[in-house]
Amino acid sequence: MAFSDFQQKLTDALREFASAELGAELAQIAAEVPPKTELGDLAFPVAFELAKELKQKTGEKQNPRAIAERIAPVLESFEFVDRVSIAGPGYINVYYDRAAFVASRSERPSLAEHGSAGDKICVEHTSVNPNKAAHIGHVRNSVLGDTFVRILRAAGHDVEVQNYIDNTGVQVADVVVGFIHLEGMDLEAIKSLDAKLAGEGRSFDYFCWDLYTRVGQEYQQNEALKENRAETLHMIEAGDNPTAELADYVATRNVECILDTMERLSIRYDLLPRESEILHLHFWEKAFGLMKERETIRLETEGKAAGCWVMPFESHEGSDEHETDKILVRSNGTVTYTGKDIAYQMWKLGLLGLDFHYRHFSTYANGQDVWITSAKVTANDLSVPEFGHAEKVYNVIDTRQSYPQEVVKKGVALIFPERGEDASVHLNYEMVALSPTAAEELGFELSEEDRSKSFVEMSGRKGLGVKADDLIDRLEKDAFAEVEKRHPDITDEEKNGIAHQIAVGALRYFLLKFTKNTVVIFDFKEALSFEGETGVYCQYTAVRANSIFRKLDENAVAEAYETISGSRSAVSELFAGEDGDGIWSLIALAARLDEAISQSVNAAEPATLARYAFNLSKAFNLFYHHHRIIDESDAVKRSVLVAAADHAKTALTSALATLGIQVPERM
RNA sequence: GCUCCCGUAGCUCAGCAGGAUAGAGCAUCGGUCUUCUAAACCGAGGGUCGCACGUUCGAGCCGUGCCGGGAGCACCA
C-alpha cells in the first residue's frame with residue numbers, strides 16, 4: 001500500500017469522526033507533509049478548523065489541542081500507524097509504522113491499474129509549422145506535452161497523442177514562395193536538392209530555415225513577392241495543382257525532419273492530423289452548419305466586420321481599435337485558424353459526425369506506428385486504429401494563444417453544452433526567449449534596445465533561434481567528453497549511447513524544471529550544465545544506486561527483505577535509533593511518487609514531478625554519503641539499508657522514466 | 001483603453017488547498033576521494049517574500065489599491 005492510500009483511509013476516518021462525534025461536516029480535509037521527519041509522516045491541521053466551526057455553533061471557545069486529543073486515538077487505531085502526537089498549537093502528527101512499511105517491498109503495481117478504462121484523453125502537442133527546423137521554443141512545447149502524456153499514462157489513463165500539421169498555412173506558403181520565386185525551383189528541382197543535401201550531410205529543414213529567413217527579408221522590399229504569397233496560399237488551400245503538390249512535398253519533408261528531431265528526445269506521436277484534410281473533408285462546413293443551427297455565431301452586416309461570420313465574445317471589451325467578437329469566416333468566405341480549430345476540437349471529442357481517412361506514415365524504431373490523415377480512402381497495410389472520440393482533450397499551446405483558445409473552447413461548449421468547457425483544456429505555457437548573451441553567441445547583432453532588455457524573443461522569420469538539433473548535438477558532444485574522462489576503456493559506440501542518454505536527460509530536465517508560466521530565458525551555460533539541479537544529477541544518482549546492486553549478490557535484495565520480515569523488533573529499534581530518521585526520510589520520500597504524479601496531473605504541471613525526482617535524488621545522495629551499505633557488518637542494518645536503497649532506486653527510476661529520462665548502466 | 005501573467009537571497013527559480021524556523025540551484029568562501037562512481041557531499045555568508053491597507057487563531061499564498069515588468073486584445077497562427 002502506498003502513502004496515498006494511507007492518507008485516504010485517515011481522512012475518511014477523520015471525516016466520519018467529525019460528523020458523528022462533533023457534528024461537523026468537513027468537505028475537504030487538509031493534510032500536509034510535516035517539515036521534518038521527526039514531526040511525523042502526515043500532519044492534519046484540522047483541529048484549528050474544527051475549533052472555529054464549533055465556536056460558531058456553540059458560542060463556546062474551543063481549544064484546538066483538546067479537539068486534537070480526541071481525534072488522535074481514532075487515527076492511532078489503524079494498523080499502519082505507529083503513533084500519533086499532538087504538536088504545537090494543535091497539529092495532529094501521524095507516524096507510520098516504519099518497520100512494517102519497509103518490509104513490504106515496493107513493487108509498483110504500476111498506477112496503470114487505478115485508471116478506469118474508456119476515459120480516453122487526447123493530448124495535442126508539438127504542432128510546429130512544417131516549414132523549417134524546430135527550435136528550442138518548439139521543444140519546450142513537445143517536452144511538456146510528451147511528459148504530460150507520460151504522466152497521464154503513469155496515472156492510468158489511456159492517451160492518444162496528436163501532432164497537428166498546419167500544412168496549408170501562411171508559413172508553408174512563405175517557404176514555397178522562396179523555392180519558386182527566389183530559388184526558381186520546381187518540384188523536381190527541390191527533390192534533387194533534397195538528395196544533394198542528404199549527400200552532404202545537411203538537412204532539408206535547415207535549408208528551409210535559412211530560406212524562410214531570406215523570404216522574410218525579401219518581403220520588406222519586394223511588394224510583388226508579397227502578392228505571390230497570397231496567390232500561393234490560395235493555390236495551396238485549393239489543392240490539386242502543381243503548387244499544392246510542391247507545398248505538400250515541402251511540408252511532408254519538414255514533418256519527417258521534425259519527427260526525427262523529436263525521436264532523438266524519445267517524443268513520439270500516434271496521429272498527424274493535417275489542416276488540408278480539415279479543409280478537403282469539409283470538417284469546417286459541418287461545424288459551420290452546426291453553429292448556424294444553434295445560433296452561436298452570426299453574420300455581421302455592418303461595421304468593420306461586415307460580411308464576416310463572428311462569434312460573440314462578451315468577456316472581452318471592444319474598443320475603437322479592437323472588436324469584441326471573434327471572426328471565424330472572413331468577408332471573402334475563407335475560414336480563420338480559429339474556425340478550423342473549432343471543427344478539429346469537435347472531431348477530437350467525437351462530436352463532429354465526420355471522420356478523416358488515414359494512411360500509415362511511418363514506424364518508430366520501437367515498433368510504434370504513426371498515422372497521418374488523408375483525404376482519400378487508402379489501401380491499408382495495417383488495420384487503422386480508432387482515433388479521436390476522446391472524453392477530454394489537452395492542447396499544449398503557447399500562452400500567447402490564450403485568447404483564440406478561449407474562443408475555441410467556448411465555441412465547442414456552446415454547440416455541445418452537455419460536454420461543457422471542461423472537455424477541452426488549454427495547457428498553456430510561457431515562451432522560451434533568448435538571453436541577450438545567447439543571441440549574441442548565435443551571431444546576431446543586437447540593437448541597443450534589445451541589449452538593455454532582459455530577454456530577446458526568438459523569431460523564425462528572422463532566423464533567430466537555437467535549433468533543437470544543434471543543441472542536442474552540442475549536449476551529446478559535451479557528454480561524450482565527460483564519459484570519455486571517466487570510462488576511457490569502453491567502446492565509442494557505448495560512449496555514444498551514454499552521451500545520448502545524458503544529453504536527452506539534460507535537455508528534457510532543463511525544460512521541465514521551470515513551471516509552465518515562467519518565461520524560460522535560454523542561456524547556453526545553464527542549458528549545457530551537467531551539475532546541480534539537472535537531469536544529469538538525477539541520472540547520476542540512479543547510476544550510483546544501480547552500481548550498489550550490481551556489486552551485491554544476485555539474491556541479496558530478496559534476502560534483505562526476508563531478514564527484515566524476520567526481525568521486526570530489531571528493525572523498529574534501528575528506526576528509533578540515531579540513524580532512524582535519516583533512513584526513514586529516504587523511504588518516506590520514495591513512497592510519495594504516486595502523490596507527485598497525481599499532483600502533476602491535477603495541476604497539469606510536469607515541473608512538479610521533475611522537482612520530485614530532484615529532491616529524491618538529493619535525499620539518496622545524502623543517504624549514500626552517510627552509510628556504507630555493502631560493508632555494513634550488522635545484518636539487520638545492512639538489510640534495512642539495502643531495502644531503503646531499493647525503495648529509492650525503484651521510485652527514482654520510475655519518476656525519471658515518466659519524465660522521459662533514461663538511466664544508463666554507467667556514466 | 002481592456003484582459004491575463006509575473007515581482008521571493010547577488011543571479012535563475014521552487015514554495016502543494018492559507019499552516020510549524022521561507023527553500024533549492026548557480027555564483028562566492030572554506031572543507032571532503034587508498035572507499036558502493038567527487039557529474040557527488042558537508043559547512044559559511046546572503047531575505048523589509050515589490051509597497052500599503054484589509055480578512056484570519058495564522059498570509060509569500062486570499063481581497064482591495066498602488067508601483068514595476070511581460071504577454072494578449074488581427075478578416076495571422
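- The same atom, P, is picked in B:C33 and in B:C42; the two are 16 Å apart, to the nearest Å.
- Every side-chain contact (heavy atoms from CB on, under 4.5 Å) that A:Glu559 has, sequence neighbours left out, goes to A:Asn555.
- When each of B:A40, B:A24, B:C57 is scored by its nearest atom to the side-chain atoms of A:Asn621, the top-ranked nucleotide is B:A40.
- Under the salt bridge (charged side-chain N to carboxylate O under 4.0 Å, His left out) criterion, A:Lys340 pairs with A:Glu275, not counting sequence neighbours.
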Tabulate atom names and distances for all N/O pairs under 3.5 angstrom spanning the protein and nucleotides 33-38 of chain B.
residue	atom	partner	partner atom	Å
B:C36	O3'	A:Lys551	NZ	3.2
B:C36	O2'	A:Ser547	OG	3.3
B:C36	O2	A:Ile630	N	3.4
B:C36	N3	A:Ile629	N	3.1
B:C36	N4	A:Tyr624	O	2.8
B:C36	N4	A:His627	O	2.0
B:U37	OP1	A:Ser547	OG	2.3
B:U37	OP2	A:Lys551	NZ	3.4
B:U37	O2'	A:Tyr540	OH	2.0
B:U37	N3	A:Met667	O	2.7
B:U37	O4	A:Met667	N	2.6
B:U37	O4	A:Met667	O	3.2
B:A38	OP2	A:Arg544	NH2	2.6

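- At a threshold of 4.0 angstrom between heavy atoms, the contacts of A:Ala43 include nucleobase atoms, whether or not backbone atoms are also involved.
- Across all strands, A:Gln539 comes closer than 4.0 Å to no nucleic acid atom at all (heavy-atom distances).
- Applying the 3.5 Å distance criterion, the base of B:A20 shares a donor-acceptor pair with the side chain of A:Asn93.
- Among the heavy atoms of the strands lying under 4.0 Å from A:Pro404 is at least one base atom, whether or not backbone atoms are also near.
- With sequence neighbours excluded, the residues satisfying side-chain contact (heavy atoms from CB on, under 4.5 Å) with A:Val33 are A:Arg592.
- As a whole-Å value, the separation of A:Ile342 CD1 from B:A77 P is 13 Å.
- Residue-level contact check: A:Asp341 touches neither bases nor backbone, having no heavy atom under 4.0 Å from any strand.
- B:U34 and B:A38 are spaced 15 Å apart, taking the C1' atom of each and rounding to whole Å.
- Anti is the glycosidic conformation of B:C6, whose angle departs from 0 by more than 90°.
- Note on A:Val536: a base of the nucleic acid sits closer than 4.0 angstrom, heavy atoms only.
- For the P atoms, the distance from B:A22 to B:C61 is 15 Å, rounded to whole Å.
- Here the separation of B:G23 from B:G70, taken at their C1' atoms, is 26 Å to the nearest Å.
- Side-chain proximity of A:Phe614 to the nucleotides B:A39, B:G25, B:A77 is greatest for B:G25.
- Atom CD in A:Glu430 sits about 9 Å away from atom C1' in B:C6, given to the nearest Å.
- Identified under the side chain to side chain donor-acceptor pair (under 3.5 Å) test for residues 517-531 of chain A, with sequence neighbours left out: A:Thr515-A:Thr518.
- Every residue two or more places apart in sequence or in another chain was checked for a ring-ring contact (aromatic ring centres under 6.0 Å, His included) with A:Phe44, and none qualifies.
- If you check every strand for non-hydrogen atoms under 4.0 Å, A:Thr336 touches sugar and phosphate atoms only.
- Legend: residues meeting side-chain contact (heavy atoms from CB on, under 4.5 Å) with A:Leu427, ordered by chain and number and at least two apart, are A:Phe148, A:Tyr394, A:Val396, A:Lys516, A:Ala604.
- A:Glu482 and A:Lys477 are not joined by a salt bridge, as no carboxylate oxygen comes within less than 4.0 angstrom of a charged side-chain nitrogen.
- When the P atom is compared between B:C62 and B:G68, the two are found 22 Å apart, to the nearest whole Å.
- Look at the P atom in both B:A20 and B:A40: the space between them is 30 Å, to the nearest Å.
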Could I get a table of every N or O pair under 3.5 Å where one atom is in the protein and the other is in nucleotides 11-15 of chain B?
residue	atom	partner	partner atom	Å
B:C13	OP1	A:Val519	O	3.4
B:A14	OP1	A:Thr515	N	3.1
B:A14	OP1	A:Thr515	OG1	2.1
B:A14	OP1	A:Thr518	OG1	2.3
B:A14	O2'	A:Arg611	NE	2.7

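- With respect to A:Arg628 and A:Asp631, a salt bridge is recorded, a charged nitrogen being found less than 4.0 Å from a carboxylate O.
- The residue A:Glu482 sits close to a base: some heavy atom pair falls under 4.0 Å.
- When each of A:Thr338 and A:Ala87 is assigned the nucleotide of RNA chain B bearing its nearest heavy atom, the one mapping closer to the 5' terminus is A:Ala87.
- Straight-line distance from the CD1 atom of A:Ile327 to the P atom of B:C73: 13 Å, rounded to whole Å.
- Among B:G70, B:C16, B:C41, the nucleotide with an atom closest to any side-chain atom of A:Gln599 is B:C16.
- In terms of position on RNA chain B, the residue among A:Lys36 and A:Leu622 whose nearest nucleotide sits closer to the 5' end is A:Lys36.
- Taking atom C1' in both B:C51 and B:U8, one finds a spacing of 14 Å when rounded to whole Å.
- Residues satisfying the side-chain contact (heavy atoms from CB on, under 4.5 Å) criterion with A:Phe623, sequence neighbours excluded, are A:Ile583, A:Leu586, A:Phe620, A:His627, A:Ile629, A:Leu641, A:Ala644, A:Ala645.
- Pairs passing the salt bridge (Lys or Arg N to Asp or Glu O under 4.0 Å) check and including a residue from residues 614-624 of chain A, sequence neighbours excluded, do not occur.
- Going from atom CZ of A:Arg229 over to atom C1' of B:A77 covers 12 Å, rounded to whole Å.
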Both distances under 3.5 Å, Watson-Crick or G-U wobble: on that basis, could you give the dot-bracket string for RNA chain B, with [ ] for crossing pairs and | for other-strand partners? (((((((..((((.....[...)))).(((((.......))))).....(((((..]....))))))))))))....

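- For A:Tyr537 and B:A24, the OH to C1' distance is 11 Å, given to the nearest whole Å.
- Partners of A:Asn621 under the side-chain hydrogen bond (donor to acceptor under 3.5 Å, both in side chains) rule, at least two apart in sequence or in another chain, are A:Tyr537, A:Thr541, A:Arg544.
- Distance check on atom P: B:G65 versus B:C13 gives 28 Å, rounded to whole Å.
- Nearest heavy-atom pair, A:Thr232 versus A:Ala173, reported as atom, atom and distance to 0.1 Å: CG2-O, 4.1 Å.
- Rounded to the nearest 0.5 Å, atoms CZ (A:Phe48) and CZ (A:Arg65) are 9.5 Å apart.
- As a whole-Å value, the separation of A:Glu406 CD from B:C2 C1' is 13 Å.
- When the P atom of B:G58 is taken as reference, atom CD of A:Glu32 falls 17 Å away, rounded to whole Å.
- We find that CD1 of A:Ile661 is positioned 14 Å from C1' of B:A39, with the value rounded to whole Å.
- One N or O on the side chain of A:Asn93 and one on the backbone of A:Leu39 form a donor-acceptor pair closer than 3.5 Å.
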